[in-house]
Amino acid sequence: LAVGTSGKAATSPDGITWTNQAGFTTAAGSTNTMYSAAYDGTNIVVVGQSGRVVTSTNSTTWTARTSNTTSSLRRVVWTGSQWGVTGVSGAFITSPNSTTWTSRAGLAAVAGLSKYALVWTGQNFIATGQNAQTATSSDGITWTATTGISDAIGSTTLDMLDIQLVNSVLAVCGEAARFAVSVPST
């Protein structure tokens, strides 16, 4: 599944042949940019501008959901028991089932700048973004601000754009070709 501007989405069985999903544009809104998609084995969740959340169980029939925020949503992840979504101005929403969403104020309270990247480590959410501002949470409700990423990249003014967990190694990248990794101690 690829998503993008003007509420567009396309699916592919092999990464070579792509099919436009016209029904997705109706659910997403033709003026919204969609930023992130995730899959939990049953549900596909896509998030984007204006607090837009769109879901599907088959990638052809799409349903717009009420997110309880108007903030642009930038990254969605599945923890195994709940969905977590982060966005601009410290927005964070959660859902146990992809249909009912709850806005959470905790992230904005400790790290209110925009978050463009989110990862689930198996124990914690890590959200990062504008000015390398970063916070962690085990439940998506209570958040703790951290400085590990800004310390590692040597800046509190550069935006972090992505964070990934691969084989127990966290990697984050951002503006000005900044890149940092966190390797677990042995």
Side-chain angles (χ1 to χ4, degrees), residues 1-78 83-95 98-104 107-108 111-120 125-134 140 157-166 171-179:
L1 173 67
V3 298
T5 61
S6 302
K8 299 291 185 190
T11 56
S12 172
D14 56 13
I16 297 169
T17 305
W18 291 86
T19 302
N20 180 42
Q21 294 299 320
F24 180 86
T25 303
T26 302
S30 62
T31 60
N32 289 318
T33 296
M34 305 306 284
Y35 294 105
S36 179
Y39 181 62
D40 69 0
T42 302
N43 301 289
I44 303 166
V45 174
V46 181
V47 299
Q49 278 182 314
S50 304
R52 186 63 83 176
V53 174
V54 180
T55 65
S56 177
T57 57
N58 61 15
S59 76
T60 56
T61 303
W62 296 91
T63 304
R65 303 295 181 182
T66 301
S67 68
N68 294 306
T69 184
T70 57
S71 294
S72 283
L73 301 172
R74 299 308 279 281
R75 188 61 55 93
V76 56
V77 299
W78 172 247
W83 294 95
V85 179
T86 192
V88 300
S89 301
F92 196 83
I93 61 174
T94 61
S95 174
S98 81
T99 58
T100 304
W101 294 87
T102 303
S103 181
R104 306 292 184 182
L107 180 58
L113 297 178
S114 296
K115 301 297 173 283
Y116 308 125
L118 179 68
V119 69
W120 174 251
F125 289 106
I126 302 174
T128 189
Q130 191 176 2
N131 295 345
Q133 198 178 65
T134 305
T157 61
L158 296 173
D159 294 349
M160 295 294 97
L161 304 174
D162 197 11
I163 186 169
Q164 296 291 322
L165 177 66
V166 179
V172 63
C173 63
E175 293 180 320
R178 296 298 172 111
F179 180 81

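These values consider heavy atoms only, across backbone and side chains, with no hydrogens, waters or symmetry-generated copies.
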Checklist outcome for this item: Those residues at least two apart in sequence (or on a different chain) that pass side-chain contact (heavy atoms from CB on, under 4.5 Å) with Thr25 are Lys8, Ser30

Checklist outcome for this item: Sequence neighbours excluded, the answer for side-chain contact (heavy atoms from CB on, under 4.5 Å) partners of Thr134 is Ile126, Thr128, Thr146, Ile149

Item to check | Nearest heavy atoms of Thr55 and Ser98, plus distance in Å | outcome: CG2-O, 3.3 Å

Checklist entry - If we ignore angles and hydrogens, is there a donor and acceptor under 3.5 Å between the side chains of Gln21 and Thr11? => result yes

Checklist entry - Any donor and acceptor pair, going by atom type alone, linking the side chain of Asn20 with main-chain N or O of Ala10 inside 3.5 Å? => result no

Checklist entry - Does the side chain of Trp78 reach to within under 4.5 Å of the side chain of Asn43, using non-hydrogen atoms? => result no

Item to check | Spacing of CD belonging to Gln130 relative to OG1 belonging to Thr157, to within rounding of 0.5 Å | outcome: 11.0 Å

Checklist entry - Among all residues two or more places apart in sequence or in another chain, which pass the side-chain contact (heavy atoms from CB on, under 4.5 Å) test with Trp120? => result Val77, Thr79, Phe125

Next on the checklist: Nearest 0.5 Å, please: how far is CZ in Arg65 from CH2 in Trp83?
Outcome noted: 12.0 Å

Checklist outcome for this item: When every non-hydrogen atom of Phe24 is compared with those of Gly7, the smallest separation belongs to CD2-O, 3.2 Å

Checklist entry - Any idea which heavy atoms bring Ser50 and Ser72 closest together, and the distance? => result N-OG, 3.6 Å

Item to check | From CG (Leu1) to OG (Ser36), nearest 0.5 Å | outcome: 10.0 Å

Item to check | Taking every non-hydrogen atom, the tightest pair across Ala9 and Val3 | outcome: CB-CG1, 4.1 Å

Checklist entry - Listed by chain and number, what are the side chain to side chain donor-acceptor pair (under 3.5 Å) partners of Asp14, not counting sequence neighbours? => result Ser12

Checklist entry - Between the side chain of Ser56 and the main-chain N/O of Asn58, is any donor-acceptor distance below 3.5 Å? => result yes

Item to check | Value rounded to 0.5 Å, distance of CE in Met34 from CD in Gln49 | outcome: 9.0 Å

Checklist outcome for this item: Output for pair (Leu113 CG, Gln133 CD), nearest 0.5 Å, gives 4.0 Å

Item to check | Minimum heavy-atom distance between Arg75 and Gln164, given as atom pair plus value | outcome: NH1-NE2, 3.8 Å

Checklist entry - Where the side chain of Asn68 meets the backbone of Trp101, is there a donor-acceptor pair that is under 3.5 Å apart? => result yes

Checklist entry - In chain order, what residues pass the salt bridge (charged side-chain N to carboxylate O under 4.0 Å, His left out) check against Asp40, with sequence neighbours excluded? => result none

Item to check | Nearest-0.5 Å distance that lies between atom OH in Tyr39 and atom OG1 in Thr57 | outcome: 9.0 Å

Checklist entry - Under 3.5 Å, side chain of Ser67 to main-chain N/O of Gly51, donor-acceptor pair present? => result yes

Do any side-chain atoms of residues 84-94 form donor-acceptor pairs under 3.5 angstrom with protein atoms, and if so which ones, sequence neighbours left out?
residue, atom, partner, partner atom, Å
Thr86, OG1, Ala91, O, 3.4
Thr94, OG1, Arg104, NE, 3.0
Thr94, OG1, Arg104, NH2, 3.3

Checklist entry - Would a 4.5 Å heavy-atom cut-off, applied to side chains only, mark Ile163 and Leu118 as touching? => result no

Checklist entry - So, the side chain of Ser95 versus the backbone of Thr100: is there a donor-acceptor pair under 3.5 Å, distance only? => result yes

Checklist entry - Can you name the closest pair of heavy atoms from Asp159 and Tyr116 and give their distance? => result OD2-CE1, 3.8 Å

